[in-house]
Amino acid sequence: MKPIVAIVGRPNVGKSTLFNKLAGEKISIVKDTPGVTRDRIYAQGEWLNHTFTMIDTGGIEPKTNDLILKSMREQAQIAIELAHVVIFLVDAKDGLTDADGAVADMLRRAKKPVVLAVNKLDNMRDISPIYEFYQLGIGDPMPISAELGLGIGDMLDAVVSHFPKGLEEEEEDDRLKVAVIGKPNTGKSSLINRLIGQNRVIVSDIAGTTRDAIDTPVTHNGKDYILIDTAGIRRQSKVTEDIERFSVMRAVAAVERADIVILMIDAVTGITEQDAKIAGIAHDNGKACIIAVNKWDAIEKDDHSLTEFNKDIDTVLSYLTYAPKIYISVKTGQRVDKLFDLIDQVERAASLRVPTGALNDMLYEATSLQQPPSDKGRQLRIYYMTEVSVKPPTFVIFVNSQKLMHFSYQRYLENWLRKTFDFTGTPIKFIIRERQQLEDRF
């Protein structure tokens, strides 16, 4: 599991500016995935050989009756609960405010490591504005300018120093970890209860009843699994956008720990943009995925229902067409028993190693049927490919020019790989190298 870093503070102190700065510079390992529309609530970062997940939050107004502001405060509290380290951002130009003090009180109660960053210090020669923030009693304030990128390195040094030891190391537990993710109230907890045969996880019609990720060990046909239930937050208000943000934050933490992800979709409400946001987390993290459409028993069906729903899923989740779909009813148990077989099939695909000889036989056939692209009289030449890792299967392709390897031709080669070998449910990653780069290594 990667450490989680939450950025919190009252409104307009520059949290989103800092988040975007961290996500947009070289320290970031974030890439936009074509076809994925989502809020930039989270991003993956890297600093000093540490990788971590950042969570952006709305501004905290500790004392407010405004429904939206109360929801933003609630959202920030969840981010703090999830986080291993909190960046508490304050504004040097505004100075210390009562709201800053209230946020500091919230953080003290959370008992999480806090890095206090004083933003909007555009002149690092004069850092005197930071001194009043010592009154917060929450650590040494650090001067930064998120907009100009000043002081960011020292701040990140402090952040990574608080990461729990051993968190980023590989776990000894070799049981297959399966995370169940999706919008609130799609039946995630009910599915896990069905799979384990007992009511281990609290089930309720209230969206977001599962407050924390819950690990449940289960054995099926002699094989051990860990089922990870995720979800949102117990809520009194019904601010749809905020419920979605909660579910995204929960899914981020669970997906990073999982080997395989089951994306739950509600057949009654249909596939939505929020499903795409949550699915994008699994895809971005290179996780194998199964799409489980729940409440299929509640749909009035005809001869075209399944075909039309498949089309809707493939349209909204166009980047996830490799994921197998299964239509289930957790309520009646319809087809739930087939999930373990599908999980095992997807695990085999994600772990599949293809011999280099077989790969290059496939490559020869593929390039013979459709010539590689050319540009300004120069044609792409593909010398060979080899698989270098699994989960997800990752292939290095050696070519004469990286620039000539268009995305469309990579997609063509991926389709050939999937047609030739069983990569059901797993993304495939390509690394393109020029031949000269290979020669330089020896």
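Residue pairs meeting the side-chain hydrogen bond (donor to acceptor under 3.5 Å, both in side chains) criterion with at least one member in residues 286-299, sequence neighbours excluded, are Asp266-Lys295, Asp297-Ser329.
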**Message:** Run the side-chain hydrogen bond (donor to acceptor under 3.5 Å, both in side chains) test on His406 and Tyr412 for me, step by step, so that the C-alpha distance in whole Å, both residues' side-chain angles and the decisive distance to 0.1 Å come before the verdict.
**Reply:** CA-CA 10 Å; His406 299 158; Tyr412 169 73; over 6 Å; no
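Checked by atom type and distance alone, the side chain of Gln379 pairs as donor or acceptor with a backbone atom of Pro372 at under 3.5 Å. A donor-acceptor contact shorter than 3.5 Å links the side chain of Glu434 to the backbone of Gln402. Put simply, the side chain of Ser161 gets close to the backbone of Ala158: a donor and an acceptor are under 3.5 Å apart. Under a 3.5 Å cut-off, the side chain of Asp275 and the backbone N or O of Thr272 do form a donor-acceptor pair.
Contact of the Val8 side chain with the Ile87 side chain is not registered, since no non-hydrogen atoms from C-beta on lie closer than 4.5 Å.
The distance between the ring centers of Phe163 and His50 falls below 6.0 angstrom. The ring of Tyr384 has its center closer than 6.0 angstrom to the ring center of Phe398.
By the 30° and 60° cut-offs, the orientation of the rings of Phe423 relative to Phe421 is perpendicular.
Remark: Lys223 engages Glu347 in a salt bridge, criterion side-chain N to carboxylate O under 4.0 Å. A salt bridge does not link Lys311 with Asp314: none of the charged nitrogens is closer than 4.0 Å to a carboxylate oxygen.
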